[in-house]
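Both counts, for ligands and for their atoms, begin at 1 and track the order of listing. This structure is a prediction, so every number in the text was calculated from the model and none was measured.
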Amino acid sequence: MSAKVRVRFAPSPTGPLHIGGVRTALYNYLFAKKHKGDFVLRIEDTDQNRYVEGAENYIIESLEWCGIAFDEGPGKEGDYGPYRQSERKDMYRKYAEQLIKSDHAYYAFDTADELDAHRKDHEERGKTFIYNWHNREKLQNSLSLSEDEVREKLDADENYVIRFKSPKDEKLHIKDEIRGDMEIDTSTLDDKVLFKSDGMPTYHLANIVDDHLMQISHVIRGEEWLPSLALHFMLYRGFGWDAPKFAHLPLILKPQGKGKLSKRDGDKLGFPVFPLEWKDPSSGEISTGYREDGYFPEAVINMLAFLGWNPGTEQEFFKLDELVKAFEISRVHKGGAKFDPEKTKWFQQHYMHEADEKPVAEKLEYILQKKEIKASSAYVLEVVKLMKERAVFVNDIWEQGYFFFVAPTSYDPKNAKKSWKEGTSEIMQELIDLLKEQQDFEAEALQVRVKTWIEEKGIGFGKVMQPFRLALVGAMQGPDLYVIAAMIGKEETISRLQNAINTLG
Ligand code: GLU
């Protein structure tokens with residue numbers, strides 16, 4: 001590759017970034033870093049009607065959480081800014097006018113009502129109204145009206161749009177880095193609006209002008225933009241600019257069956273489709289996010305990387321830096337990629353096992369703080385060491401190990417019935433007396449002492465150990481009981497035994 005690789009992620013801030021958008025950002029990032037290039041974030045906010053408060057921040061926070069760092073973008077100015085299209089507004093008009101001068105575009109004055117009437121009329125005849133070469137001479141535009149008429153309308157400030165003049169029947173040959181060579185027939189394309197009299201460009205014009213001015217070398221984006229490719233190609237040609245290379249990423253499909261994964265699927269099927277939780281500013285509706293559901297970004301990144309790509313080897317676990325090395329755009333699939341929420345959990349489990357205990361402990365401390373439970377950092381770290389092996393999420397450590405932090409407030413009724421019988425309270429009282437005398441409260445010493453005592457008494461182990469566990473944990477779960485007793489300490493162990501006697505005795 002000769003010229004410097006520069007790619008961009010160009011979301012419109014119309015709502016929370018969908019997980020598919022994160023994948024587009026990720027693949028752009030991987031491609032850029034692989035080729036020692038730049039990754040640009042450009043906010044495409046020309047459509048003010050669809051602007052959603054907070055969406056831009058959400059996009060930036062999502063990328064940050066994933067570790068997908070941009071080299072240039074809002075708040076990280078480079079040589080090609082500004083990086084918000086609304087701040088670039090004034091530069092687009094001259095490009096639209098340039099296309100008119102070179103006969104690649106024209107003014108159109110048809111009102112919304114007139115266009116509606118045409119649409120209805122076509123519908124009634126079982127046809128679709130397309131504004132292009134086959135009817136543009138009969139419509140209200142600078143190709144059908146005289147120069148004077150056009151001038152008059154413009155001077156009178158009549159509303160207009162600038163439309164691209166799509167060629168009649170040309171076969172375009174365009175290469176996509178993933179799909180290969182494509183032939184597109186221009187005769188069915190409509191004359192897309194590029195610019196409106198309110199001074200705002202549409203997506204198509206702003207996108208091409210900015211990609212050119214920002215010296216973007218590769219456009220990597222979702223398959224849903226494939227229908228725009230012919231127009232974009234013709235725009236570059238109309239301007240006389242070299243087009244970047246294009247790569248359209250495969251659709252992300254629902255876990256079951258066919259169809260595109262939609263923003264609604266997550267809540268319907270019970271898994272997040274957003275990186276972070278999102279609260280809709282107008283309805284207040286909350287959509288869950290991977291971060292809040294306890295996933296590590298490594299798991300989400302690993303899952304997304306495989307959603308449309310594979311390394312061609314058996315290796316499945318890749319951290320971001322490993323992905324940078326392994327990623328090849330030529331290995332991205334054409335066919336849709338099925339979303340697999342279970343696989344994400346599997347990645348999460350792996351990264352939980354791999355995780356250092358300290359950061360996990362910090363996350364657990366955060367959960368405890370929210371529950372207003374006090375525990376020293378050293379103690380929380382010990383619990384993590386004991387419980388991490390069996391956990392997928394940090395919250396599992398709380399759910400499977402709450403008894404390290406709080407005494408049971410109730411006892412599982414089934415277990416209680418089975419293990420707390422006639423005489424149990426007396427045995428537990430004897431155990432309390434024994435523990436009171438015990439100096440060394442380490443797990444091993446405790447075990448030796450209690451075992452000897454049980455043997456001396458000549459009763460079954462279950463008669464002691466089951467109610468003992470019930471008293472400390474509240475149910476028949478958790479790791480080695482002596483470890484639990486040693487962790488919570490002598491005083492707490494005795495107090496929990498006493499509570500159980502009072503409640504169940
Ligand atoms: N603003 C478009 C979007 O929201 C950008 C598409 C493109 O990458 O060209 O996805």
(message) In terms of relative ring orientation, are Trp309 and Phe327 parallel, tilted or perpendicular, with 30° and 60° separating the classes?
(response) tilted
(message) Between ligand 1 and Ala10, is the shortest N or O to N or O distance under 3.5 Å?
(response) yes
(request) Please state whether the rings of Phe318 and Phe306 are parallel, tilted or perpendicular, taking 30° and 60° as the class boundaries. (result) tilted
(message) Once you measure the plane-to-plane angle for Tyr351 and Phe317, does it fall in the parallel (<30°), tilted (30-60°) or perpendicular (>60°) bin?
(response) perpendicular
(request) For Ala206, enumerate each residue passing the side-chain contact (heavy atoms from CB on, under 4.5 Å) test, keeping only those at least two apart in sequence or located in another chain. (result) Thr46, Gln85, Tyr92, Pro201
(message) Out of all atoms in ligand 1, which are within 4.0 Å of some heavy atom of Asn207? Include the element for each.
(response) 7 (C), 9 (O)
(request) Quick one: look at Val219 and ligand 1, take heavy-atom pairs under 4.0 Å, and tell me if it's side chain, backbone, both or neither. (result) neither
(request) Any atoms of ligand 1 less than 4.0 Å from a non-hydrogen atom of Arg221? List them with their elements. (result) 7 (C), 8 (O), 9 (O)
(message) I'd like the name of whichever of Tyr203, Phe246, Phe9 reaches closest to atom 9 (O) of ligand 1 through any heavy atom.
(response) Tyr203
(message) Minimum distance, heavy atoms only, to atom 8 (O) of ligand 1: which one of His232, Glu44, Arg8, His248 is it?
(response) Arg8
(message) My understanding is that only residues two or more places apart in sequence, or in another chain, count here; which of them pass side-chain contact (heavy atoms from CB on, under 4.5 Å) with Lys138?
(response) none
